[in-house]
Each structure stands twice: as structure tokens, then as C-alpha cells.
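Here is the structure we will look at.
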Amino acid sequence: MPELPEVEVLGRHLGSLLINKAVRSVQVHRQKSIRPTSARRMRDQLVGAKFKSIKRRAKYLIFEMQPAGGKPVFILLGHLGMTGRMYLQPKTVDLPKHAAVVLELVRHNFIFEDTRYFGRMTLGAGALDTLGPELLSEEFGGDVLREALSKSAQAIKVKLLDQSVVAGIGNIYASEALFHAGISPRKAARRLTRAECAALVVAIRGTLTKAIECGSTVPLDFSGAGERNGLFYFGQTDEWAGYYDEELLVYDRENESCARCGNPIRRIVQVARSTYYCPGCQRA
DNA sequence: CACCATGTTCCTTG
DNA sequence: CCAAGGAACATGGT
């Protein structure tokens with residue numbers, strides 16, 4: 001279910017439910033989902049430990065865990081992949097078909113469910129080391145972006161998905177941000193001007209910040225059992241119409257007219273992923 | 001049956 | 001050594 005805004009909202013939600021709760025036992029249903037951590041180490045570390053804090057870095061959830069007996073805190077990392085979900089359920093409710101990992105609390109199970117099993121729950125923060133600057137942080141700005149792009153001949157849209165360049169953008173918001181900045185997704189990264197880089201940073205921040213605000217106001221069902229399934233991409237669900245004051249302007253709108261200039265929106269494929277853009281507003 | 005999907009990692013090629 | 005392209009991972013929806 002992830003792009004950065006979903007992960008951010010999920011993290012806040014889980015924080016309110018999990019802080020100071022202790023793990024009583026651990027069920028690993030899919031070894032693949034905890035790679036390279038072993039099920040045994042997972043249990044050894046987690047059983048008896050309490051959730052101390054929950055933070056987000058890019059699309060990762062960082063669970064800071066406090067073991068019993070004054071042992072040092074350690075990190076449990078979560079990444080949702082394409083279809084991951086995390087939520088609490090009373091133990092009386094049956095586990096979902098694609099439960100990957102279940103952390104048993106007192107009366108609830110903390111469930112990591114993942115239909116396609118692309119996500120992960122692992123021990124240690126090592127996966128964060130290769131990430132580029134955090135999108136919403138102060139140190140990320142037009143100059144930092146420009147420097148990161150300066151040597152690449154790859155299309156800007158493709159570079160935006162590279163988590164070592166900029167950490168946190170996904171396929172949906174990459175298209176949206178380029179539209180807002182008026183930059184063609186095909187433009188070679190190194191050809192972006194200083195002004196374009198500055199505009200792109202503003203567009204990225206604006207798009208993601210707005211999405212987080214919207215996601216925070218919608219009544220979500222993180223288990224995905226009902227309609228409100230934890231996703232809150234703008235315009236996804238008609239019944240949410242009243243909650244949104246903006247929606248996705250290009251993503252998944254092939255052949256619809258651009259809200260700004262009326263030209264039909266185009267879909268192209270870059271590195272095997274769809275890109276949507278307006279040929280009128282985003283000139284090559 | 002065909003094609004598409006919010007993401008990352010690994011392997012090959014140049 | 002690096003950049004870039006593509007397949008792979010696994011399941012479900014249309």
C-alpha cells in the first residue's frame with residue numbers, strides 16, 4: 001500500500017496503538033518476508049520487547065524496540081513493498097490468507113500481511129544506509145538535487161525513483177510532481193536547470209505534504225477488510241469525494257484532458273513502469 | 001488468455 | 001569500477 005504518504009500516516013496510526021506494548025510471541029509465516037533475518041533471531045530478540053517509538057525514513061517504518069532487563073534498544077524495520085499492510089486485530093479474528101509475520105500482543109495480533117510478498121520485516125537498520133536524502137528534510141533542496149542528477153543521462157522520471165538519489169518518491173508521485181513542476185519526464189536528468197531543480201523540489205514537497213494531510217483526515221481501515229483500505233491516493237475512491245480537495249492530475253488518466261491545458265494526457269513506459277504526463281504543460 | 005499493478009534487488013551488458 | 005536495462009519476485013484485478 002505504499003508511497004511515502006501512506007507509510008507516514010500508517011506509522012502515526014501504529015504509534016498510537018503500539019507504544020509501550022510488549023511482544024509476547026512471534027509467528028513467521030513466510031521466511032522470505034523476514035530475509036535475511038532468521039525466524040529464530042526474530043523470536044529471540046522480539047519476545048518480551050516493547051515498542052518504544054515508531055518513525056519513518058523514506059518508505060521504511062522504523063520500530064525502536066526496548067528489550068526487557070535493561071538490554072540495549074534495537075531496530076525492527078518494516079517495508080510494505082507493493083501490497084504490504086500492517087494493522088492490529090483481536091486474536092479472536094482469523095488471520096488473513098497472506099499473513100507474513102504476526103507479533104502477538106496481549107489481546108491483539110500485530111499483523112504484517114503481504115499479498116505479493118515483496119515487503120519485509122527485518123532486524124537492524126542496515127537497509128537505510130544506501131538511501132539518499134529524505135524528501136521532507138531541511139537538507140534536501142534544489143542544489144542537492146541538482147548535484148545528484150548532474151552526471152546522469154537517464155530520464156528525470158527514472159532518476160526520481162532511484163532511492164539513493166532521493167529517498168521516498170514512488171511511481172505515482174513521480175508523475176504528479178513532474179507535472180506540477182512543468183518538466184517532461186523524458187528530460188535527461190543532467191539537463192535540468194537550476195530553476196527546474198528548485199521547482200521540482202517544491203513540487204515534490206507540496207505533493208507529498210498535501211497527500212499526508214489528506215490521508216490524515218480520511219477514516220482509514222488499515223486492514224483492508226472494507227472499502228477504506230489504507231490507500232488514499234487522490235481520487236481513488238468515489239465515496240471519498242467529500243474528503244479530498246485535490247486529486248491526482250495525471251496519474252492513471254491516459255487520454256483524459258489535462259486539467260490545466262486540455263491536451264490529452266499521455267502514458268509512456270520508462271524502465272518497465274508507466275509514466276503519465278501532459279505534453280502541453282511538460283515540454284521536452 | 002493478456003496485460004496491468006503503490007517496489008526493490010539481482011544479473012547481464014556495455 | 002560504473003551506468004543502464006531488463007528480468008525476477010508472487011498474487012490478484014480487469
Side-chain angles (χ1 to χ4, degrees), chain A residues 1-11 29-37 56-61 77-86 96-101 112-122 126-132 135 148-177 185-191 204 207-208 211-212 214-215 218 220 222 224-225 227-237 240 247-248 250-255 267-276:
Chain A
M1 82 171 203
E3 286 241 358
L4 182 147
E6 280 79 20
V7 179
E8 173 67 27
V9 172
L10 174 62
H29 294 271
R30 278 272 175 160
Q31 183 61 40
K32 192 200 161 197
S33 300
I34 63 168
R35 246 186 352 171
T37 309
R56 178 192 60 73
R57 166 86 164 99
K59 300 169 196 168
Y60 288 87
L61 283 175
L77 267 195
H79 194 294
L80 298 169
M82 292 272 266
T83 55
R85 301 178 188 288
M86 290 185 185
K97 182 176 177 186
H98 299 293
V101 180
F112 171 34
E113 174 191 2
D114 189 3
T115 307
R116 290 170 72 180
Y117 303 109
F118 288 178
R120 250 176 238 201
M121 194 176 255
T122 55
L128 304 181
D129 293 348
T130 53
L131 293 174
L135 282 178
L149 299 177
S150 65
K151 286 171 189 159
S152 176
Q154 249 184 335
I156 179 60
K157 153 63 159 55
V158 176
K159 269 324 230 190
L160 284 183
L161 295 182
D162 183 340
Q163 303 295 299
S164 68
V165 171
V166 192
I169 297 210
N171 202 42
I172 293 175
Y173 294 113
S175 283
E176 291 299 308
R186 309 186 204 243
K187 186 156 189 168
R190 64 152 76 111
R191 301 250 179 268
I204 291 169
T207 310
L208 295 178
I212 291 168
C214 286
V218 172
L220 295 172
F222 292 91
E227 293 292 312
R228 300 185 172 102
N229 61 7
L231 291 172
F232 48 83
Y233 304 126
F234 298 162
Q236 267 237 324
T237 312
W240 287 5
E247 53 185 27
L248 296 176
V250 290
Y251 185 81
D252 202 21
R253 290 187 182 278
E254 185 178 17
N255 295 328
R267 170 182 178 269
I268 58 173
V269 174
Q270 297 178 291
V271 195
R273 309 206 67 190
S274 293
T275 300
Y276 299 86

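Chain identifiers are assigned alphabetically (A, B, ...) following the order of the sequence lines, protein sequences preceding nucleic acid strands; residue numbering begins at 1 within each chain.
- Put simply, CD on Q270(A) and OG on S175(A) are 8.0 Å apart, with the number rounded to the nearest 0.5 Å.
- Comparing the C1' positions of dT8(B) and dG13(C) gives an interatomic distance of 22 Å, to the nearest angstrom.
- Atoms NZ (K157(A)) and C1' (dG7(B)) sit 12 Å apart, rounded to a whole Å.
- With P as the reference atom, dT9(B) and dG12(C) are 24 Å apart, rounded to whole Å.
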For nucleotides 9-14 of chain C, give me one character per nucleotide, 5' to 3': B if any protein heavy atom sits under 4.0 Å from the base, S if the only such contacts are to the sugar-phosphate, - if neither.
BBBS--
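- Comparing the C1' positions of dC9(C) and dC1(B) gives a spacing of 22 Å, expressed to the nearest Å.
- Considering only residues two or more places apart in sequence or on other chains, S164(A) meets the side chain to side chain donor-acceptor pair (under 3.5 Å) condition with D162(A).
- Legend: residues meeting side chain to side chain donor-acceptor pair (under 3.5 Å) with H98(A), ordered by chain and number and at least two apart, are Y117(A).
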Could you run down the sub-3.5 Å N/O contacts of the protein with nucleotides 8-11 of chain B?
unit_1: dT8(B); atom_1: OP1; unit_2: H79(A); atom_2: NE2; d: 2.9
unit_1: dT8(B); atom_1: OP2; unit_2: K59(A); atom_2: NZ; d: 3.0

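- Taking the salt bridge (charged side-chain N to carboxylate O under 4.0 Å, His left out) definition, one finds that E176(A) meets it with nothing, sequence neighbours left out.
- Taking atom CG of D252(A) as the reference point, atom P of dC3(B) lies 18 Å away to the nearest angstrom.
- Residues passing the salt bridge (charged side-chain N to carboxylate O under 4.0 Å, His left out) test with R56(A), sequence neighbours excluded: E8(A), E134(A).
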Check nucleotides 3-6 of chain C against the protein and report each pair of N or O atoms closer than 3.5 Å, with its distance, or say if there are none.
unit_1: dA4(C); atom_1: OP1; unit_2: A153(A); atom_2: N; d: 3.2
unit_1: dA4(C); atom_1: OP2; unit_2: S152(A); atom_2: OG; d: 3.4
unit_1: dG5(C); atom_1: OP2; unit_2: Q154(A); atom_2: NE2; d: 3.3

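- With hydrogens and angles ignored, the 3.5 Å screen pairs no side-chain donor or acceptor of E254(A) with any backbone N or O of I268(A).
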Encoded 5' to 3' (Watson-Crick or G-U under 3.5 Å; [ ] crossing; | other strand), DNA chain B becomes .||||.||||||||
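- Without hydrogens or angle criteria, E3(A) side chain to N171(A) main chain gives a donor-acceptor distance under 3.5 Å.
- Of all non-hydrogen atoms in A153(A) and A188(A), the two that sit nearest each other are O-CB, 3.8 Å.
- Applying the side chain to side chain donor-acceptor pair (under 3.5 Å) rule to K59(A) yields no partners; only residues at least two apart in sequence or on another chain are considered.
- Side-chain atoms of R190(A) and S150(A) include no donor-acceptor pair closer than 3.5 Å.
- With sequence neighbours excluded, the residues forming a side-chain contact (heavy atoms from CB on, under 4.5 Å) with Q154(A) are S152(A), V158(A), K159(A), listed by chain and number.
- Looking at residues two or more places apart in sequence or on another chain, you find a side-chain contact (heavy atoms from CB on, under 4.5 Å) between D252(A) and Y276(A).
- T122(A) pairs by the side-chain contact (heavy atoms from CB on, under 4.5 Å) definition with P36(A), T37(A), L77(A), R120(A), not counting sequence neighbours.
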